[in-house]
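Remarks on the structure that follows.
Every chain is numbered from 1, with letters handed out A, B, ... down the list of sequences.
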Amino acid sequence: MTSTLNREGLLKAYRTMRTIREFEERVHADFATGEIPGFVHLYAGEEASATGVCMHLDRKDYIASTHRGHGHCIAKGVDPVGMMAEIWGKATGTCKGKGGSMHIADLSVGMLGANGIVGGGGPLICGTALAGKLRGDRSVGVCFFGDGASNQGTIFEAMNLATVWNLPAIFVAENNGYAEATSSNYSVACDNIADRASAFGMPGVIVDGFDFFAVHEAAGEAIERARNGGGPTLLEVKVSRYYGHFEGDQQRYRAAGEVQALRETRDCLLQFRRRVTASGEITEAQLDAIDAEVKALIDDSVAKAKADPKPAAADLMTDVYVSY
Amino acid sequence: MTSTLNREGLLKAYRTMRTIREFEERVHADFATGEIPGFVHLYAGEEASATGVCMHLDRKDYIASTHRGHGHCIAKGVDPVGMMAEIWGKATGTCKGKGGSMHIADLSVGMLGANGIVGGGGPLICGTALAGKLRGDRSVGVCFFGDGASNQGTIFEAMNLATVWNLPAIFVAENNGYAEATSSNYSVACDNIADRASAFGMPGVIVDGFDFFAVHEAAGEAIERARNGGGPTLLEVKVSRYYGHFEGDQQRYRAAGEVQALRETRDCLLQFRRRVTASGEITEAQLDAIDAEVKALIDDSVAKAKADPKPAAADLMTDVYVSY
Amino acid sequence: MARKITYQQAINEALDQEMSRDPSVIVMGEDNAGGAGAPGEEDAWGGVLGVTKGLFHKHPGRVLDTPISESGFIGAAVGAACNGLRPVAELMFVDFMGVCLDQIFNQAAKFKYMFGGKAQTPVVIRTMYGAGFRAAAQHSQCLYNVFTHIPGLKVVVPSNPYDAKGLLIQAIRDNDPVIFMEHKVLYTMQGEVPEESYAIPFGEANVLREGDDVTIVAFGRMVNFASEAAAAAQKKGVHCEVIDPRTTSPLDEDTILESVEKTGRLVVVDESNPRCSMASDIAGLVAQKAFGALKAPIELVTAPHVPVPFSDALEDLYVPSVARIEAAIIKAKEYK
Amino acid sequence: MARKITYQQAINEALDQEMSRDPSVIVMGEDNAGGAGAPGEEDAWGGVLGVTKGLFHKHPGRVLDTPISESGFIGAAVGAACNGLRPVAELMFVDFMGVCLDQIFNQAAKFKYMFGGKAQTPVVIRTMYGAGFRAAAQHSQCLYNVFTHIPGLKVVVPSNPYDAKGLLIQAIRDNDPVIFMEHKVLYTMQGEVPEESYAIPFGEANVLREGDDVTIVAFGRMVNFASEAAAAAQKKGVHCEVIDPRTTSPLDEDTILESVEKTGRLVVVDESNPRCSMASDIAGLVAQKAFGALKAPIELVTAPHVPVPFSDALEDLYVPSVARIEAAIIKAKEYK
Ligand SMILES: Cc1ncc(C[n+]2csc(CCOP(=O)(O)OP(=O)(O)O)c2C)c(N)n1
Ligand SMILES: Cc1ncc(C[n+]2csc(CCOP(=O)(O)OP(=O)(O)O)c2C)c(N)n1
Ligand SMILES: [Mg+2]
Ligand SMILES: [Mg+2]
């Protein structure tokens, strides 16, 4: 067991990953019934990435997320009950129903928002990191982005700026192999996204995104370096998404059985469970209990989301200016 | 003498560089009198770059240029007389006086325009190269850009796209050490711009921009590779500009004497002259004759530019749509 | 002309027919084939909502998937247009213009003028716009006013399948850069569309309904709402003239002005936010050039000055409704 | 209040005073210090035209030079604003918005709404606009209409040194994203400016001249042209009311509407291209809300629908002139 986490930390990590999984499986099921509006992108399969990184963060550290943001939100401490209500378009949602899945944000826990613009978070996180740096509060900023986003100019500019300003910023490229239906083998002109780090004067690290411990360790190093004034890092997390690009995607660009095999052999929860129970640090029963608690929480979040009221007509015109 | 150029080629190269130099020195002098309007960015000092590259091109090859575009224009075959008139805002100018220094273009010789937007040419040249590739005409596209531009998202995106589509495109980074007053040591997060090539799956080459032969050779290889379907190259040309960022710049960010020393020791025309006369291939007298001819040409261009009429009022409203 | 197809099929057909007719027409965009580099079908997607589906196999080598680099590939389309091609590039959602606008408004739009008339840039940028999909603030905007403002761009806002096909064919043949705005809610709209190829000239409004009482000018999806509202008003004895300019730039000023000369009353319906919108543009035109005929205030029916909200409860209030248009018609009619 | 300084100095002073008052205010942009990494002076430039000169040494560590990466650093300013700072970022020329608009219009502008009111983004984007410098099509545009269209942005167009200082101080203190438009030709304009700090509230128009005959609404540099034209018209017995809204968003509708209620005649002067412009915006407002008072067509004096030409001979024709404004005033006045 090489992890630096104690039992409490391990349980927390498992709970976070399980919460994300349960949340996403439920959204998947409920989307199929037609009750959930809009575009929804699920994070199932990638839980170890958000969790492994965010375990190192506290609320003064900011993260910027993507269209596939539920996992990042939960890992950063956004309340899943509010999130579910948000996704259902309810007034009780994290954003009062005004943002929806693609715009869940909670600045009070350092979550700067899912983002509907691919690559949008890179520049933003340079800014939160700059603010932390100028205050000298040892906080960091983490930008999650996908393999598709790794080709967007904003991400390149942000990485360059982070080094030029020596910012405490971590760029986490979640390479799940696809941007919509386009393979990262096609769209990324070099072999690994992490290979781009040197072009921006920062270390680049590749890590197995099914392995929570690997992500946790690599992220820990990068974040520690950043906190100590050592500047940015590019961390490439090789992962896979279990569902389509968005709900409704038939995924005909993917080999049949690809996901099933991953679920059965490399799933992050499965691996985590095996490892911590094998080491004897945690019992199966403890994990089962978490599973049950998480299920109850998500059940509850859905029940509430269904029952909660929609925004009132007057809400249309509020929140647009702090003061007009 | 490692150059592949025959005597005619050498004379042409010298004439081109001398024409650029003479053109720029004259614009510099005339700007000081207040007669030339607008923002003017001079290319003096960097002549070997445009010339060394463009010697390999013909009119079906396109180049995209920058705000500092006079040298690229001349090297690509745009008529200096029209250019001078354009800079003076005259109806006889290359663009009828509507574009000015920052927008000289002549598509009939494959010059896609100086560009007022830093980094604007990267995407454009991917497009001209794509057209050539789809036609199968072995043409290439060359994008000139500066060290400052090398941090612009458009340039990164273009380099990635060029590899993804395997385009016959050459990215020529003219690193003259400064973007306006900001040093490239500050703004470029890695040591050399050419180091970024691997991030975009292409070869990166560094070359001394005072040495025409070095540029010519490196560009020749890259262009040949591109013509043969071998894809893009990033060529970093290390150069220096002899004048300020734009005319009027006091250059207090530069060490005193920096330019003077370069002019005296490394100047591209000086080096070229030494080398070709030393090898005996060309005589001093031949070069002096070119100098005189070029001077006469530029004198003439200025005389014409001064005498030529300004655009007529009706020109304000033309050329905006091909058909409306 | 009995065949009915959808707006989406009409667009697909226009692309297909122009690609067949002219080898210089190419198509590019994110997942416009869909599946590039992936183990499955190479045209797995055919565009995010399937609009370009099937073109990849029919026109080999001429439907290009792109990385997510809108500046890069839209700029490439512009460059290719300068070098003999007629590219149709897809900006998936118009909301993404913020990452690539320079290549459109400073490059493509200005080349001809800046270069003294010596360039032409026959590029088409197809893009999806509009609210109604619960897609929230970054995937639901209209934004055609931004393009309309820029000299050198032509802007097309088809409101039905027939126009979509004919205007897209014209756009591809046009020698200027064209922004072709596809309302996402209209993709499933059915309409009669001839199988043969035809081009609808730019700057010629379509008058959907004639009437003497009130002129309605509407854009895109709002044309259909305006027609509904006009039909409802008709039952109350108010006769509306419904005008669909079809292109916001060039704009068929004459048809609008002549109608207002006749009716003296004007309602403009624009799904955009109100400030500096097409609604204000038309109002400005008429207040300057047909003032003498005006008998009532110009009624502007637009979205409010807020971002597009996610929740259906709010989004349905955000989009101008048939009821709001009808109320505006009645208000204009009753003004004395 | 006898001290006279330039518009440029007024802006510099506002920045300096706010930086002194509030340590969370920072300044960033290309060469805003000028000379970063270079052997010479570290504030060699102080902005491309020297507007931020001197701040680097006075406020150590708080004036940041940036690479040429407008999306990167303007987005960073937006992010920093979400995390407790009040950044003032410089977009050197507004014409460059095309490489960074997303961070402004989809991020900064929309956070508060999309996030259900739980974010504030107190960022100021200073930017230079306008024709007159022979800077051609990519360095001379106005484009404030684009920002005005976007809900969530406030847009400021100061026409003189006094307003420039007071409005910039307000912009920095404001909790919303503000686009602060500096007309490059006005930098050298002299005016009386108090030394002490003061803020001018947004959405309050300045009435420069009162009159009963014709209302003129003008923006930025055009305010000064409008005043000149009004003075000329005065000599011909036409009494104009000249209104400078100072901010296009929020807009002081009341002052404009009340004036038109009084005069019944309106001229709008906008240096922009005409379509979907502030000129049409004001015309739309008045045609809807003060129609009953209108006695004449609304005259819109704008640039033509072409890019900004380079040659002085053409650029001088492009920019609305005092003579054209005066002609519009007379036309409005004489209409029966
Ligand atoms: C600027 C921009 N371009 C395109 C899109 C449409 N889009 C949304 S998600 C997506 C794919 C993103 O792929 P990747 O970055 O790999 O993230 P993943 O979906 O795999 O998590 C695309 C093209 C967008 N939202 N924003
Ligand atoms: C998008 C954009 N940002 C900023 C500018 C202003 N600007 C013009 S030239 C320049 C410096 C360019 O430096 P570099 O690329 O090194 O070229 P050089 O001037 O040295 O030839 C800047 C910042 C611009 N024209 N376009
Ligand atoms: Mg991906
Ligand atoms: Mg440079």
Return the option, out of A279(C), A136(C), A283(C), C276(C), with the maximum number of heavy-atom pairs under 4.5 Å with chain D.
-> C276(C)
Looking at D95(C), L266(C), V308(C), N106(C), which has the largest count of heavy-atom pairs under 4.5 Å with chain D?
-> N106(C)
Under 4.5 Å from any heavy atom of chain C - which part of [X]:
X: T148(D); result: both
X: M114(D); result: side chain
X: P274(D); result: backbone

Per-residue contacts, residues 284-292 of chain D versus chain C, heavy atoms under 4.5 Å | G284(D), A287(D), Q288(D), F291(D), G292(D)
Chain C contacts: which residues in residues 327-336 of chain D have a non-hydrogen atom closer than 4.5 Å to it?
->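 Heavy-atom contacts from residues 327-336 of chain D to chain C are Y335(D).
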Which region of I150(C), side chain (C-beta onward) or backbone (N, CA, C, O), has a non-hydrogen atom less than 4.5 Å from a non-hydrogen atom of chain D, or is it both or neither?
->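 It is both, since atoms from each part get that close.
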Chain D contact via A137(C) - side chain, backbone, both or neither, heavy atoms under 4.5 Å | both
So which bits of residues 97-105 of chain C come within less than 4.5 Å of chain D, counting non-hydrogen atoms only?
-> M97(C), G98(C), V99(C), C100(C), L101(C), D102(C), F105(C)
[atom1]-[atom2] distance between [X] and [Y], expressed to the nearest 0.5 angstrom:
X: K110(D); Y: Q141(C); atom1: NZ; atom2: CD; answer: 3.5 Å
X: H149(C); Y: S280(D); atom1: NE2; atom2: OG; answer: 9.0 Å
X: S277(D); Y: D281(C); atom1: OG; atom2: CG; answer: 7.0 Å

Results of salt bridge (charged side-chain N to carboxylate O under 4.0 Å, His left out) for R324(C) - residues two or more places apart only |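 So R324(C) forms no salt bridge (charged side-chain N to carboxylate O under 4.0 Å, His left out) with any residue.
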Between P309(C) and Y113(D), which heavy-atom pair has the shortest distance, and what is it?
->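 Between these two residues, the closest heavy atoms are CB-OH, 3.7 Å.
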